[in-house]
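Values below: all heavy atoms of this structure, side chains included; hydrogens, waters and symmetry mates excluded.
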Amino acid sequence: MILYYITGRKHFTGTADHQFERTLAHIHAAAHSGVDMIQLREKDLTGSELEKFAQEALRACRRGNSGCKLLMNSRTDIALAAGLDGVHLTGSDVSPAEVRLIARRVSGHFTIGVSCHSVEEVISANLASADFVVFGPIFEKEGGAPQGLEALAVACRNSTIPVLALGGITPATVAACVDAGAAGIAGIRLFQFDGELNKADLC
């Protein structure tokens, strides 16, 4: 099962420096506790701040020869400049196929994930050469109805690439997502807690 940690430093209390330190510590811990991929999702940072953070996150992720992949949210340019493993795209970003062409000039294999909220978007991501999709929200959505497990199952049946479930996932609901066909789970709070992460507790 694929585990995908999405960072969110503002979920931590304290000063800005403390939030960065806590996030880097969680990146290191997650990378060495069985998490397969980590997405840097700090959209309020400037380009230079984001690149600096990406470089520090990469060092935290690689320390100890972790095989965890580090992806950047949306910013393909910064992902390539910082030497990250890939990028996570949203519906408003360029297509995975375009990113693939750009990345081939700079990097070897470049992992591309896509956020999807409908079966149609899942199919489009498949056709555009994405490596995986994140589908949701499954269990919660602020101001609206969640997708639910049935929609997740339909999305999984219409995808030839891994579909990861996102949105209100807890250790108690992981099995239901996998039973619906999900290849893994994604989240912020699920991974960003004070305590030791054990992949066996989620699988």
Legend entry - All side chain to side chain contact (heavy atoms under 4.5 Å, CB included) counterparts of Ala151, not counting sequence neighbours: Phe135, Gln147

Legend entry - Distance-only side-chain donor-acceptor flag, Asn126 / Thr160, under 3.5 Å: yes

Legend entry - Ser33 side-chain N/O to Ala29 backbone N/O, donor-acceptor pair under 3.5 Å: yes

Inset, instruction - Apply side-chain contact (heavy atoms from CB on, under 4.5 Å) to Val134 and His88, showing your working. - result: CA-CA 9 Å; Val134 172; His88 186 99; 3.6 Å; yes

Inset, instruction - Taking the side chain as every heavy atom from C-beta outward, state whether Ile78 and Leu40 have any pair of such atoms under 4.5 Å apart. - result: no

Legend entry - Ser124 (side chain) donor-acceptor with Glu120 (main chain) under 3.5 angstrom: yes

Legend entry - Between CZ on residue Arg59 and CG on residue Leu70, distance to nearest 0.5 Å: 12.0 Å

Legend entry - Main-chain N/O of Phe12 paired to Arg22 side chain as donor or acceptor, under 3.5 Å: no

Inset, instruction - Nearest 0.5 Å please: distance from the CD1 atom of Ile27 over to the CZ atom of Arg62. - result: 11.5 Å

Legend entry - Minimal non-hydrogen separation, Phe139 against Cys177, with atom names: CE1-SG, 3.7 Å

Legend entry - Minimal non-hydrogen separation, Leu152 against Ala180, with atom names: CD2-CB, 3.9 Å

Inset, instruction - State yes or no: do Leu149 and Val154 share one hydrophobic cluster built from I, L, V, M, F, W and Y residues joined by side-chain heavy-atom distances below 4.5 Å, directly or via other members? - result: no

Legend entry - Check: Thr173 side chain, Ala176 main-chain N or O, donor-acceptor pair, under 3.5 Å: no

Legend entry - Minimum side-chain heavy-atom gap Tyr4-Asp36 below 4.5 Å: no

Legend entry - Interatomic spacing from CG in Leu3 to CE in Met37 - rounded to 0.5 Å: 9.5 Å

Inset, instruction - Return the minimal non-hydrogen interatomic distance between Ala186 and Leu166, and the atom names on each side. - result: O-CD1, 3.4 Å

Inset, instruction - Go through the side-chain N and O atoms of His26 and Tyr5 and say whether any donor and acceptor fall under 3.5 Å apart. - result: no

Inset, instruction - Consider only side-chain heavy atoms of I, L, V, M, F, W and Y, link residues closer than 4.5 Å, and tell whether Ile138 and Val119 are in one cluster. - result: no

Legend entry - Residues forming a side chain to side chain contact (heavy atoms under 4.5 Å, CB included) with Asp93, sequence neighbours excluded: Ser74, Leu89, Thr90

Legend entry - Euclidean distance, Ser95 OG relative to Leu101 CG, rounded to 0.5 Å: 8.0 Å

Legend entry - Closest approach of Ala54 to Met72 (non-hydrogen atoms, all atoms of both residues): CB-CE, 3.7 Å

Legend entry - With Arg9, the side-chain hydrogen bond (donor to acceptor under 3.5 Å, both in side chains) member among Glu42, Gln192, His18, Glu21: Glu42

Inset, instruction - Establish whether Val178 and Val35 are linked, either directly or via other cluster members, by ILVMFWY side-chain heavy-atom contacts under 4.5 Å. - result: yes

Legend entry - Within-4.5 Å side-chain heavy-atom neighbours: Ile112 and Ser129: no

Legend entry - Partner residues of Ala31 under the side chain to side chain contact (heavy atoms under 4.5 Å, CB included) criterion, sequence neighbours left out: Ile38, Cys61, Ser66, Cys68

Inset, instruction - Identify the heavy atoms of Ala81 and Glu51 that sit nearest to each other, and give their distance. - result: CB-OE2, 3.8 Å

Inset, instruction - Give a yes or no answer on whether the side chain of Ser159 reaches the backbone of Cys156 with a donor-acceptor pair at less than 3.5 Å. - result: no

Inset, instruction - Give the cluster check for Val99 versus Val106: same hydrophobic cluster or not, with ILVMFWY residues linked at side-chain heavy-atom distances below 4.5 Å. - result: yes

Legend entry - Side chain to side chain, Thr111 and Phe132, heavy atoms closer than 4.5 Å: yes

Legend entry - pair Leu71-Leu84: side-chain heavy atoms closer than 4.5 Å: no

Inset, instruction - Check whether any side-chain heavy atom of Lys10 lies under 4.5 Å from a side-chain heavy atom of Asp44, and answer yes or no. - result: yes

Inset, instruction - Flag this pair as yes if the NZ/CZ of Arg104 is under 6.0 angstrom from the six-membered ring centre of Phe110 and inside a 45 degree cone about the axis; otherwise no. - result: no

Inset, instruction - Report the residue from Val122, Val114, Val133 that forms a side-chain contact (heavy atoms from CB on, under 4.5 Å) with Ile161. - result: Val133

Inset, instruction - Could you check if a side-chain atom of Asp131 sits within less than 4.5 angstrom of a side-chain atom of Arg100, using non-hydrogen atoms only? - result: yes

Inset, instruction - Measure from the side-chain N and O atoms of Gln55 to the backbone N and O of Ala82, and report whether any donor-acceptor pair falls under 3.5 Å. - result: no

Inset, instruction - Working to the nearest 0.5 Å, report the span between CD1 of Ile185 and CG of Leu190. - result: 4.5 Å

Inset, instruction - Would you check if Met1 and Val174 make a side-chain contact, meaning some heavy-atom pair closer than 4.5 Å? - result: yes

